[in-house]
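Report on the following structure.
These numbers come from the heavy atoms of this one structure, side chains and all, not from hydrogens, waters or symmetry mates. A, B, ... follow the sequence lines: proteins, then strands. Residue 1 opens every chain. Here the structure is a predicted model, which means the values were calculated and not measured.
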Amino acid sequence: MKPNDYNAEHIEKKWQKYWEENNLYRTEDSVDGKENYYTLSEFSYPSGNLHVGHWYAFAVPDIFARYKRMLGYNVLYPMGFDSFGLPAENAAIKHGKDPRKWTYDNMEYMKGQLRNMGASFDWSRTLATSNPDYYTWTQWMFTEFYKHDLVKRDITKVNWCENDKTILANEQVVAGTCERCGYDVVQKDMAQWMFKITDFADELHDDLDTLDWDESIKQSQREWIGRKEGSIIPFKIQESEVYDINTGPGDDAYRKGAPIIERNNVVVIIEHPEKDEFLCAKWKQVDWQGFVTGGIEEGQTIEETALAEVREETGYQNPEIVKVHDQSSHGLFWHVVKEENRQANYRIVHVKLKDLEQVERSKEEQAIADFLWIPRTEVNDFLKREDMKYPWRVVSRSNRVFGEYKENSKKRDTVKVILRNEKGEILVMLTSGGEMDLPGGGLDDGESIQECAIRELKEETGYTNIRFIQKIGHNRTYSHHAPSNTYCDCNISIVLCELEDYELSSKNISKDEPDTKETWMRPEAMIQNFVTNPVYKDAPKGWVEQYLNHLYSQISVFTTRADTLYGATYLVLAPEHDMVQNLKPQMTNWNEVESYLEKTQKKSDLDRQQSKEKTGVQLKGIEAINPATGKAISVWIADYVLAHFGTGAVMAVPAHDERDCEFAIKYNLPFRFVCLPSAGEQGNSRPLITSGENAFIQAAGTTEKKGSQEHINAEWNAMYDLLGTLPDGVLPEGKRFCCSNTGKMINSPAKNDNYSQSGIINGKTTEEAKKIITAAVDGKMTKTYRLRDWGISRQRYWGCPIPMVYDPDGNPHPVPKEHLPWTLPDDVDFTPDGTAPLSRSEELKKRTEEIFGEGWTPEVDTMDAFVDSSWYFYRYLDSSNSKRFAGEQAIKSWMPVDMYFGGAEHTTMHLLYSRFWTKALHKLGLVDHNEPYTGRLNRGLILGPDGAKMSKSKGNVIDPDEVVSHVGADTVRMYLSFIGPYNEPGNYPWDPNGVVGIRRFLDRVWRVAENLSDTTSKEITSELHQTIKKVREDIERLKLNTAISSMMSLINSIEKGDGIAQNEFDELLKLLAPFAPHITEELWMRTHDASIHLQSFPEPDTSKIVSVMKVLPIQINGKVRSQIVIEEGESNEELHNRITQMNDVQKWIEGKEVVKCIHVPGKIINLVVK
RNA sequence: GCCGGAGUGGCGGAAUUGGUAGACGCGUGCGACUCAAAAUCGCAUAUCUUCGGGUGUGAGGGUUCAAGUCCCUCCUCCGGCACCA
């Protein structure tokens, strides 16, 4: 190499050092006269080595940042590391090193590599999410979100591998088995911390319209959020007939259709005469197992049996009946003597001992069991145990609630209101004493129960739009636990109301109860609270079960086709639906149902979606009422209905829904056709779903080719013919089909039908009918979302600790700010064994107890790494601030991000999460903007030279360091920009020869610089300014490939022509500077003192763009036949004459007539000849 | 199945509002330099051709003086969603 040759390695090192020493890229928060511009590229995991993907992600946007800087913007282009998370931990495990050391070593190494790109990062602002001074703010924001009700702890279903004892992500589940070990994956309930991202679902959806992003990115987000509009329609459950056990002995006691039950039993709950304890049986000295039970002998009453069993089994002589609970049920029963499980009917009898007079028990009884007195709380625990199959759990809690304090009572009629929202949640009030209650109050004089309920709700909750649904059950007399710790006896009516919307009226909120906090709870969660809350244990709660039973006596379905309600012939629930468990006592085929539940539990979501064959089980003994027709329909469970979509229940309309059709044919369920497709809706596509023997076309009897228009028409005609013969739309067997098109309603109701609704929707269109029928059946128009709350708990070590601690009662509390950062402990063996590694840290345990007190325990899960990356763009703005996550002024001057470069794989997760984060910060008043990124660009992927994704196993990985050492960083940067348009996320293969092409170009630039001329020709000057214009336009659009190609053309012209003078060459260098910062700096500094990167970007001088000759193509009948040089000032007529004289043209128009001559100035001339 | 986006030489890709399709680069061929090779430089390179011209932007139709670009139908690929009620 000659001394004057282009030596990339040398000059790149030289100028990188110079820039660093001169702080060329230090970015101030504001510069006078310059507008701020925030360019961001997604930071990366410190996985150890920079690959070509990093260059594509960082070096190409650097061109854009440099360009903006030369345009006069104050540009921030920062870089950092997403240094928490699975990839780092897995890699650390694999390499047998401490993840902390491994991660930080990698970061140091990668920083060095990043410097070689010649990128204009401001390193003074760098960050790493695993630094305590970073994650202290992650934790602080978590606790702030918690305080503002944006965080919750909830139990959700997760994929669980029994073998590895760990949670798996959906992607790790392959066909229902674990990706790693092949073991079956089950769905398991686990408590998780979650961000309530669904609170922002509408905003996240609607605000997309305000963003200047590529439509495909927005569309992906919309689909991920998955908003659907439809109706929620309530279906009442028909109460099943139950024979009371008292009506007769023997078989009469069994419920209709129930499986054979061995006998009728009593379960006796024995209460201590003085203490708050119950007598329980302890068998085989190991564990207490239950209560005294016994069989009812023929001719005996329940009371007699109960008292006899107490005397026989316990020896206590003086029991008295408190209550025989009026609900009978059946279930499995462990028979101690026979040592086997048996089916039996139970009656629960509550007995209280008058005294403790006791005689010796029989030897047999002594052999079986010891008896012991157990405190009430333990009894409750026992009743909640997983293995408790006894169905009398609930009943047993309803004892001992009335009549204790009647002396001081004052009677007043009151209401308790169950206020329900559209999600089926119930509003409860949490008073300052921790007591859980429903809103309610006393009836004023002359007020109806309904009026009182709505008035009280408005006063207590502030909600203005409340709808009365129904009064539940009868008035009941209860002791009411009043705030002054006295009890009064009163009639309580339970009223069910529903919220129409969430509008609040602040002035109507009662001032009486300032300590009251309202919470929405799911009914199951509510039961849990009522049962476990110690404050509540003596308060009346019998009615809790009662109103929940009523609440559960209906099933709400979500449908987008409410108009077809008259065609709903059965209901299908997801197997996980709450009602399945709640209706268990009424079911006559529980065994069958249970085995189906077990089967589906084993399947993952993915698995369920893959097996297309629909399966299901009818819930026998259960019937629902179609609210439109008033007719009873059957209820099924099937795993094609998904628990987490809509309400987890669907109304099945087999005649108008493909899936319902398939299911109904399989199980022979009725079809009713209620919507006639409009003529315009038929289209050319095949309208009918036909299936197996029911294939409708067979009835049509056509001979046309299947799939042809004629065949389709025949189907339609056959359908119309058939429907004409069916007065009520009920399809006969063998002619069952389905048509999901919209249209006009028919048979809703049909003639001579006794349906409860008169013909309010018959003849209406689908859209009209949806609204009318929804209102008519007390349904609601609503929206549902695919988006689910964001669960962030991970049973991993290398992540941000969740800053929560639990008091001795297990209640969570946020770690206060003064104890942040809540540091990640060091004394942990992080090898995964299924439990959270932090649970093994002694230091964390000790720390928690020292700060919060004895019995307090730390949360041991860490956060999903997506949490760390949801706000990092704020930290760059002020990365050393120890008072705030970022200073307010810094945020104001930079946010929102003007252009965010990233991978398409982050479109739905990271991009959505960080948008949520910004909206949450905005809601808390911490930032003044509502969206984090104004611009977003998804980049493509660099493939290996073979066109496949780069991977070590394929051996097609390109090592950028190696390429750089051969051709230089400038070449690699430019090649990556040249490979394809950066504004379209395509896949571009790396072509080793293509790199050489770019290097040749830079060599030419060098050569031109070595051979500058004294003057520049007009043509080159013109082309230079055209190039300037084009390059500006192209970078602005991020079509860097064409910007480079135009510069190549210019260099080609310069070399072919008479060269270029210093002045013009300087312009070219500046044009090239963002792309190739090193070589341009080297050539520029030969004649200048200040860096080229501090210069302004060239502006095109249009006056210098001259066309020396205007050559226009001549077309004849649209085909190019010749060219002509336009002369200035020539009239159209003169031009036309000149053209028709031309030999090239003559040839084509000879003997023909020129009809028309179209002259588009500067573009084309077209002669039309005949 | 639904919703986006795309289909152009041997390859990556140009063609910004309908106006000369294939810019620029790679590859290939020929030539120069060289004892030779590499590197470099120059010329050529959609395709068929009877050398007049014909045909060409996934397929077929349409609008227009003129269509890669606009309209209709279909096919393929990529991305997102999906037993979503």
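- Here W1148(A) lies in heavy-atom contact (under 4.0 Å) with sugar-phosphate atoms only.
- If F558(A) and Q1123(A) are placed on RNA chain B by their nearest nucleotide, the residue sitting closer to the 5' end is Q1123(A).
- The aromatic rings of F901(A) and F64(A) sit perpendicular to each other, their planes meeting at more than 60°, with 30° as the lower class boundary.
- A donor and an acceptor atom, one from each side chain of S1046(A) and D1034(A), are nowhere located under 3.5 Å apart.
- Counting non-hydrogen atoms under 4.0 angstrom, N1052(A) reaches the backbone sugars and phosphates but no base.
- The separation between L642(A) atom CG and C81(B) atom C1' is 13 Å, rounded to whole Å.
- Of all heavy-atom pairs spanning T971(A) and V995(A), the tightest one is CG2-O, 3.5 Å.
- Residues meeting the side-chain hydrogen bond (donor to acceptor under 3.5 Å, both in side chains) test with W636(A), sequence neighbours left out: S634(A).
- For the side-chain contact (heavy atoms from CB on, under 4.5 Å) with L1167(A), the qualifying choice from V1155(A), I1158(A), I1139(A) is I1139(A), the only one to do so.
- One can place CG of N983(A) at 14 Å from C1' of A6(B), the figure rounded to the nearest angstrom.
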| Just by protein heavy atoms under 4.0 Å, how would nucleotides 12-19 of chain B read 5' to 3' in B, S and -? | BSSSB--B

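- Comparing the C1' positions of G7(B) and C74(B) gives an interatomic distance of 14 Å, to the nearest angstrom.
- In this structure, L1040(A) atom CG and C24(B) atom P are separated by 19 Å, rounded to whole Å.
- Using C1' as the reference atom, U63(B) and G12(B) are 34 Å apart when rounded to the nearest Å.
- Between V1120(A) and M1048(A), the residue whose closest nucleotide on RNA chain B is further toward the 5' end is V1120(A).
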| message | How would you summarise protein contacts on nucleotides 39-51 of chain B per nucleotide, using B for base, S for sugar-phosphate only and - for none, with heavy-atom distances below 4.0 Å? | response | -SSSS--------

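- RNA chain B is contacted by E223(A), W224(A), K228(A) of residues 223-231 of chain A, taking any non-hydrogen atom closer than 4.0 Å.
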| message | For RNA chain B, please output the secondary structure as dot-bracket, reading 5' to 3'. Pairs are Watson-Crick or G-U wobble, both atom distances under 3.5 Å; mark crossing pairs with [ ], other-strand partners with |, unpaired with a dot. | response | (((((((..(((......[....)))((((((.......))))))(((....)))..(((((..]....))))))))))))....

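- Across C35(B) and G25(B), the matching C1' atoms stand 34 Å from one another, rounded to whole Å.
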Atom pairs and distances, side-chain donor-acceptor, residues 1115-1125 of chain A, under 3.5 Å, sequence neighbours left out:
from: N1117(A); atom 1: OD1; to: V1169(A); atom 2: N; distance (Å): 3.0
from: N1117(A); atom 1: ND2; to: V1169(A); atom 2: O; distance (Å): 3.4
from: S1122(A); atom 1: OG; to: D1144(A); atom 2: OD2; distance (Å): 3.3

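- Between R786(A) atom CZ and G80(B) atom P the separation is 11 Å, expressed in whole Å.
- Nucleotide A85(B) holds its P atom 21 Å from the CG atom of L669(A), rounded to whole Å.
- Atom pair I1051(A):CD1 and G25(B):C1' shows a separation of 15 Å (rounding to whole Å applied).
- Between L1002(A) atom CG and G25(B) atom C1' there is a gap of 13 Å when expressed in whole angstrom units.
- Atom CG of D1058(A) is surrounded by 12 or fewer heavy atoms from other residues, nucleotides or ligands within 6.0 Å.
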